[in-house]
Amino acid sequence: MTYEVVQREYAKLRPQLPRFCGCDVLVYALNRLAPSYVSTPQGEVLVELRLDSDQEKAKLDVALLEGFRKVGLAPRCGARPVQLM
């Protein structure tokens with residue numbers, strides 16, 4: 001569940017950084033966020049509501065932006081390092 005929300009936020013932020021290759025940022029952010037496991041449709045709705053709160057979005061954006069910054073300085077894909085922020 002967390003993965004889908006992180007992907008949506010990543011898709012919103014990524015166009016603002018055109019010089020960046022984008023590799024490994026999702027992995028970086030997901031490793032720093034609490035997982036959200038669901039097994040029922042009701043659980044999915046509850047987790048979606050929790051992850052949609054301003055506080056959770058702020059945590060997510062911080063993790064993604066930190067990922068953009070750190071991965072940009074040392075990309076593992078062979079791209080040239082880029083200082084983004």
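Below, all heavy atoms of this structure are taken into account, side chains as well, without hydrogens, waters or symmetry copies.
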Linking I/L/V/M/F/W/Y whenever any side-chain heavy atoms sit under 4.5 Å apart, do Leu30 and Val27 land together?
no
If I take atom CD from residue Glu56 and atom CG from residue Asp61, how far apart are they, to the nearest 0.5 angstrom?
11.5 Å
With sequence neighbours excluded, what pairs up with Glu9 under the salt bridge (charged side-chain N to carboxylate O under 4.0 Å, His left out) test?
Lys12
Enclosure of Asp54 CG (heavy-atom neighbours >12, cutoff 6.0 Å)
no
Does the side chain of Lys59 come within less than 4.5 Å of Val62's, by heavy atoms?
no
Heavy-atom side-chain contact between Val71 and Cys23 under 4.5 Å:
yes
List the residues meeting side chain to side chain contact (heavy atoms under 4.5 Å, CB included) with Ser39, not counting sequence neighbours, and say none if there are none.
none
Among residues at least two apart in sequence or on other chains, which ones pass side chain to side chain contact (heavy atoms under 4.5 Å, CB included) with Gln42?
Thr40
Got a sec, which residues hit side chain to side chain contact (heavy atoms under 4.5 Å, CB included) with Arg32, two or more places apart in sequence or on another chain?
Tyr28
Trace of the side chain to side chain contact (heavy atoms under 4.5 Å, CB included) decision for Arg50 with Val47
CA-CA 5 Å; Arg50 183 180 60 82; Val47 169; 4.3 Å; yes
Separation between CG of Leu17 and CG of Leu65, rounded to the nearest 0.5 Å:
8.0 Å
Please identify each residue that fulfils side chain to side chain contact (heavy atoms under 4.5 Å, CB included) with Leu46, with sequence neighbours left out.
none
In this structure, CD of Gln55 is separated from CG of Leu60 (nearest 0.5 Å) by 12.5 Å
Could you name each residue pair satisfying salt bridge (Lys or Arg N to Asp or Glu O under 4.0 Å) that touches residues 33-42, not counting sequence neighbours?
none
Is Arg69 reaching over with its side chain to a backbone N or O of Gly72, donor-acceptor style, under 3.5 angstrom?
no
Please report the closest heavy-atom contact between Tyr10 and Leu64, naming both atoms and the distance.
N-CD1, 3.7 Å
What one should report as the nearest heavy-atom pair of Pro81 and Pro75 is CA-CD, 3.9 Å
